[in-house]
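Read through the structure below, which is laid out as structure tokens, and then see the notes.
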Amino acid sequence: MRPVLVVIAHGSRDPRHAATVHALVQQVRSLRPGLRVETGFLDFNVPSVQGVLESLAAEGVRDVVALPLLLTRAFHAKADIPAVLADAPARLRIRQADVLGPSPLLLAALERRLHEAGLSPADKSSTGVVLASAGSTDPEAIAVIAEIAREWRHTGWCAVRPAFASASLPRTEEAVRDLRAAGCARVAVAPYVLAPGFLPDRIARGAAQADVLADVLGPAPEVARVLLERYDAARAPMLAAIGA
């Protein structure tokens with residue numbers, strides 16, 4: 001049997017967060033009919049990750065791929081989620097999948113959102129983009145965002161600057177000003193976040209002087225495909241072990 005995919009989301013008091021997570025999970029189900037996909041939240045929302053795992057164990061499920069719904073490998077992926085999984089029922093064989101980013105598919109999703117916000121491919125060379133992420137105190141996560149911005153710049157944008165809603169600098173509004181000063185005719189803000197909430201709202205406020213503000217990544221089909229890529233990579237050694 002296929003391992004069950006358990007998507008682990010952070011959770012939020014903002015109801016838009018859970019609604020967006022569920023929409024993304026539904027997109028995953030539509031791309032992979034027959035794959036059982038469950039959703040658990042670390043905080044604020046139900047069901048909890050622990051509750052989902054206990055329910056699966058009670059049903060007799062044996063194999064689970066736990067997939068962090070995170071764009072960078074920071075504290076939640078390194079500490080919170082492993083701690084929750086360590087307390088899972090003993091009968092479950094759980095493999096933690098990698099976080100979603102970086103991935104070329106996520107860059108494609110960012111471009112999708114910018115095009116939906118009004119930009120065309122012809123605007124690329126004259127448009128500077130702020131890659132606006134939630135932020136982190138983890139140096140590895142910050143370095144990944146900076147590298148994504150450098151990589152994205154090489155696809156034809158006038159310039160790409162990283163920005164952070166918390167913990168790190170620059171803020172979105174500072175990056176918008178920097179791109180104006182650099183001579184970009186147009187400035188767009190691309191939130192590198194999965195769902196609405198407190199920090200995405202801060203990004204939106206920081207984009208007040210930009211020409212274009214894209215939507216969050218949400219249930220973009222490219223994001224759903226990344227989830228399935230991470231699931232497949234994590235389940236491969238599990239299937240090999242079962243076969244052995």
Side-chain angles (χ1 to χ4, degrees), residues 10 14 16-17 20 70-77 99-223 225-226:
H10 184 275
D14 189 322
R16 297 173 298 167
H17 175 90
T20 302
L70 301 168
L71 294 172
T72 57
R73 191 171 179 273
F75 180 79
H76 293 305
V99 297
L100 304 186
S103 168
L105 285 170
L106 293 178
L107 287 181
L110 287 167
E111 299 225 356
R112 170 190 291 273
R113 294 304 187 220
L114 286 169
H115 294 159
E116 291 170 350
L119 290 180
S120 71
D123 296 322
K124 222 171 178 182
S125 62
S126 60
T127 301
V129 179
V130 178
L131 179 68
S133 75
S136 174
T137 57
D138 189 302
E140 178 185 351
I142 297 304
V144 166
I145 298 299
E147 179 57 30
I148 292 170
R150 283 191 292 269
E151 179 182 340
W152 203 16
R153 164 68 181 84
H154 294 314
T155 66
W157 296 102
C158 175
V160 180
R161 298 280 191 276
F164 307 94
S166 68
S168 305
L169 296 174
R171 295 286 184 258
T172 302
E173 54 269 32
E174 296 169 32
V176 169
R177 289 195 295 268
D178 287 347
L179 289 171
R180 294 271 189 224
C184 296
R186 186 183 297 101
V187 176
V189 174
Y192 190 60
V193 293
L194 287 165
F198 177 75
L199 293 179
D201 284 348
R202 181 179 288 177
I203 290 171
R205 291 193 297 271
Q209 301 305 312
D211 301 293
V212 174
L213 171 62
D215 200 357
V216 298
L217 294 171
E222 296 87 354
V223 179
R225 287 167 57 196
V226 177

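These figures come from a predicted structure and were not determined experimentally.
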Minimum heavy-atom distance between [X] and [Y], given as atom pair plus value:
{"X": "P162", "Y": "I145", "value": "CB-CG2, 3.9 Å"}
{"X": "A134", "Y": "V193", "value": "N-CG1, 4.0 Å"}
{"X": "V189", "Y": "I203", "value": "CG1-CG2, 4.0 Å"}
{"X": "T20", "Y": "G218", "value": "CG2-CA, 3.6 Å"}
{"X": "P200", "Y": "A195", "value": "CG-O, 3.2 Å"}
{"X": "A163", "Y": "A175", "value": "CB-CB, 4.0 Å"}

Could you tell me if the side chain of [Y] sits less than 4.5 Å from the side chain of [X], heavy atoms only?
{"X": "V226", "Y": "L106", "value": "yes"}
{"X": "T172", "Y": "F164", "value": "no"}
{"X": "L179", "Y": "R161", "value": "yes"}
{"X": "L71", "Y": "S133", "value": "no"}
{"X": "K124", "Y": "T155", "value": "yes"}
{"X": "L107", "Y": "I148", "value": "yes"}
{"X": "C184", "Y": "T127", "value": "no"}
{"X": "D211", "Y": "R180", "value": "yes"}

Looking at [atom1] of [X] and [atom2] of [Y], how far apart are the two atoms once the value is rounded to the nearest 0.5 Å?
{"X": "L110", "Y": "L105", "atom1": "CG", "atom2": "CG", "value": "11.0 Å"}
{"X": "L199", "Y": "D14", "atom1": "CG", "atom2": "CG", "value": "11.0 Å"}
{"X": "I142", "Y": "T72", "atom1": "CD1", "atom2": "OG1", "value": "7.5 Å"}
{"X": "W157", "Y": "L131", "atom1": "CH2", "atom2": "CG", "value": "11.5 Å"}
{"X": "D123", "Y": "C158", "atom1": "CG", "atom2": "SG", "value": "12.0 Å"}
{"X": "D138", "Y": "H76", "atom1": "CG", "atom2": "NE2", "value": "11.0 Å"}

Ion pair check, [X] and [Y], cut-off under 4.0 Å:
{"X": "D201", "Y": "R16", "result": "yes"}
{"X": "R150", "Y": "E147", "result": "yes"}
{"X": "E116", "Y": "R113", "result": "yes"}

R73 side-chain N/O to L70 backbone N/O, donor-acceptor pair under 3.5 Å:
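Absent.
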Give the C-alpha distance, both sets of side-chain angles, the deciding distance and a yes or no for side chain to side chain contact (heavy atoms under 4.5 Å, CB included) between R202 and S166.
CA-CA 9 Å; R202 181 179 288 177; S166 68; 4.0 Å; yes
Could you go through R112 and E222, starting from their C-alpha distance and side-chain angles, then the distance that decides it, and tell me whether this counts as side chain to side chain contact (heavy atoms under 4.5 Å, CB included)?
CA-CA 9 Å; R112 170 190 291 273; E222 296 87 354; 2.9 Å; yes
